[in-house]
Amino acid sequence: MKVIIVLPTYNERENIGPMLHALEQVRAELKHELQVLVVDDNSPDGTQGIVKAAMETSPWIHLMTGQKQGLGAAYIRGMSEAMAMHADVIFEMDCDFSHDPEDIPRLLHEIERGADFVIGSRYVSGGRIPDEWKLWRKANSFFGNIVARMVAGIYPVRDCTAGFRAIRTSMLSQVDFDSIKTQGYGFQVSLLHACYVLGARVREVPVIFTDRAYGESKLGLKDIIEFIQNAFAIRLRGMERFIKFGAVGLSGVVVNLFFFWLFQTWGAEPYLASPLAIEVSIIWNFLLNNLWTFSESKGDSRFIVRGLKFNVVSLMSLLVSYGTFLSLNAMFPDGNQYLYQASGIIPASVFNYFCNLYWTFGK
Ligand code: GDD
């Protein structure tokens with residue numbers, strides 16, 4: 001495997017030399033090819049000069065320069081370049097030794113075991129944030145993760161804001177970077193969310209985050225506000241998709257009833273017209289969802305496979321709806337049958353939406 005570490009730097013004069021040296025040692029012991037792409041935003045402190053000097057003797061070090069637009073913007077440029085360099089796995093990592101280069105093989109090991117997206121996590125058993133972090137930084141990290149998990153909707157992941165991650169290029173190449181609306185620290189959440197929605201197999205490996213010894217964090221209040229806005233924007237986009245899905249479902253009801261009538265006018269008995277009309281409406285819903293609701297995340301590249309999966313989910317949703325109807329009847333036999341019939345629609349729609357989101361149109 002070809003592994004490229006994208007290393008963003010801004011004013012890292014004290015850290016960049018020792019970091020490249022540490023990576024050289026990891027490289028020597030790694031069974032995979034390892035290269036480093038430093039993405040420096042014209043740091044005024046001379047970071048680039050140190051990188052250029054190292055490049056003279058180390059052809060595995062590369063440098064990309066640009067104007068400072070934020071951490072996320074630097075990562076998007078760096079990752080695009082790393083993909084063009086035919087990386088199989090791309091790492092995100094800080095240059096200030098917050099992330100221990102010696103943890104790289106552990107993250108890679110999870111990729112070898114089949115993961116698409118591996119997080120060096122501070123919030124799983126064995127992981128840690130620095131004891132010396134001030135209360136505001138601890139609170140910022142803690143609440144940042146709560147916001148990411150609850151608002152952006154990445155519930156199962158414990159460390160959504162981590163900046164130490166290994167991602168398969170096959171996963172990254174499916175991400176529409178134009179859909180990532182933040183250029184700052186919210187990028188971590190946006191990218192994770194994009195991969196998560198695409199069905200990435202996400203794993204968390206415990207790491208101990210160490211506070212930087214030199215230089216300072218670039219994370220400011222403006223970044224925190226942007227981070228929260230970004231999490232809400234992700235959630236709203238998710239709702240937009242759910243609303244589209246609902247609209248398609250409603251149009252499917254009209255199609256269903258129309259074809260139920262049409263097949264009967266063509267001479268079909270109602271018991272045959274009914275399943276035929278249901279199938280037509282399922283196909284109709286699939287085509288619209290494929291074209292519109294999930295246009296960004298197409299899942300399996302074979303159209304027919306997506307169509308079959310959609311069909312399976314739709315039929316299972318019927319069972320969920322029917323199961324709800326039967327359960328309510330069993331629990332409250334004297335209740336209103338129409339209410340029970342309508343009650344089935346809610347769990348069936350939620351089931352239908354999430355199965356299609358993660359299975360049919362996810363990876
Ligand atoms: N090129 C470039 N441009 N690099 C940047 C920029 C930028 O605008 N801003 C920061 N960097 C580089 C830094 O030089 C460092 O190598 C790395 O990105 C992380 O920046 P820090 O400013 O040190 O981040 P932090 O310690 O506050 O935040 C870390 O932890 C967060 C979670 O607690 C990072 O790993 C974040 O990604 C992470 O969300």
Side-chain angles (χ1 to χ4, degrees), residues 5-20 22-23 36-48 50-51 62-82 91-101 103 107 119-123 127-130 132-134 136-148 152 154 157-167 182-193 207-224 226-228 230-231:
I5 299 187
V6 175
L7 203 62
T9 55
Y10 192 73
N11 286 344
E12 299 290 358
R13 183 181 55 198
E14 296 92 346
N15 293 313
I16 187 68
M19 175 51 79
L20 291 175
L23 289 173
V36 176
L37 174 63
V38 179
V39 184
D40 184 69
D41 287 348
N42 295 336
S43 301
D45 73 343
T47 300
Q48 270 180 35
I50 300 168
V51 180
H62 310 271
L63 174 66
M64 192 180 195
T65 61
Q67 293 303 316
K68 185 167 172 21
Q69 291 172 312
L71 181 61
Y75 267 128
I76 290 176
R77 275 189 288 130
M79 287 179 167
S80 305
E81 178 66 13
F91 262 82
E92 284 181 42
M93 190 174 165
D94 292 356
C95 169
D96 56 6
F97 287 92
S98 301
H99 306 136
D100 186 347
D103 286 335
L107 269 70
I119 302 173
S121 174
R122 301 158 296 175
Y123 295 115
R128 230 177 37 228
I129 53 170
E132 58 275 22
W133 262 7
K134 296 204 173 76
W136 84 265
R137 180 82 208 247
K138 283 185 181 159
N140 182 31
S141 177
F142 178 77
F143 287 111
N145 265 298
I146 298 273
V147 168
I154 319 170
V157 177
R158 307 296 285 276
D159 196 347
C160 297
T161 61
F164 190 22
R165 317 192 285 194
I167 310 158
T182 169
Q183 298 198 312
Y185 285 72
F187 170 79
Q188 310 294 18
V189 175
S190 287
L191 181 67
L192 171 62
H193 182 267
V207 297
I208 296 174
F209 187 100
T210 314
D211 212 5
R212 59 161 70 228
Y214 298 103
E216 55 188 35
S217 164
K218 282 93 199 167
L219 182 77
L221 184 62
K222 192 169 149 273
D223 299 298
I224 295 172
E226 201 219 7
F227 176 91
I228 296 170
N230 183 51

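These numbers come from the heavy atoms of this one structure, side chains and all, not from hydrogens, waters or symmetry mates. Start at 1 and go down the list; that is how both ligands and their atoms are numbered.
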| query | Is the shortest distance from a heavy atom of Arg137 to ligand 1 less than 4.0 Å? | reply | yes
| message | What I want to know is whether Cys95 and ligand 1 share at least one N or O pair that is separated by under 3.5 angstrom. | response | yes
| Would Lys68 count as a cation-pi partner of Tyr10, with NZ or CZ less than 6.0 Å from the six-membered ring centre and within 45° of the ring normal? | yes
| remark: closest protein heavy atom to atom 37 (O) of ligand 1 is Gln188 NE2, 2.6 Å
| field | Structural part of Arg122 in contact with ligand 1, heavy atom criterion under 4.0 angstrom | value | side chain
| Would you say Asp41 has any N or O atom under 3.5 Å from an N or O of ligand 1, going by distance alone? | yes
| Could an N or O of ligand 1 be found under 3.5 Å from any N or O of Tyr10, whether backbone or side chain? | yes
| Quick one: nearest non-hydrogen protein atom to atom 1 (N) of ligand 1, plus distance? | Val39 O, 3.0 Å
| Minimum-distance protein heavy atom relative to atom 12 (C) of ligand 1 | Pro8 O, 3.4 Å
| How far is atom 34 (C) of ligand 1 from its nearest protein heavy atom, and which residue and atom is that? | Asp94 OD2, 3.2 Å
| Are any of the side-chain nitrogens in Lys134 or Asp211 under 4.0 Å away from the carboxylate oxygens of its partner? | no
| field | Verdict with supporting geometry, Asp96 and Lys218, salt bridge (Lys or Arg N to Asp or Glu O under 4.0 Å) | value | CA-CA 12 Å; Asp96 56 6; Lys218 282 93 199 167; over 6 Å; no
| field | Considering all heavy atoms, the nearest His99-Asp94 contact | value | ND1-N, 3.0 Å
| message | On a heavy-atom basis, which atom in Asn42 and which in Thr65 lie closest, and how many Å separate them? | response | OD1-CB, 3.8 Å
| query | In terms of residue, atom name and distance, what is the protein heavy atom nearest to atom 13 (C) of ligand 1? | reply | Glu12 OE2, 3.2 Å
| From CA spacing to verdict: side chain to side chain donor-acceptor pair (under 3.5 Å), Glu226, Thr182 | CA-CA 8 Å; Glu226 201 219 7; Thr182 169; 3.0 Å; yes
| Nearest protein heavy atom with distance in Å, relative to atom 10 (C) of ligand 1 | Tyr185 OH, 3.7 Å
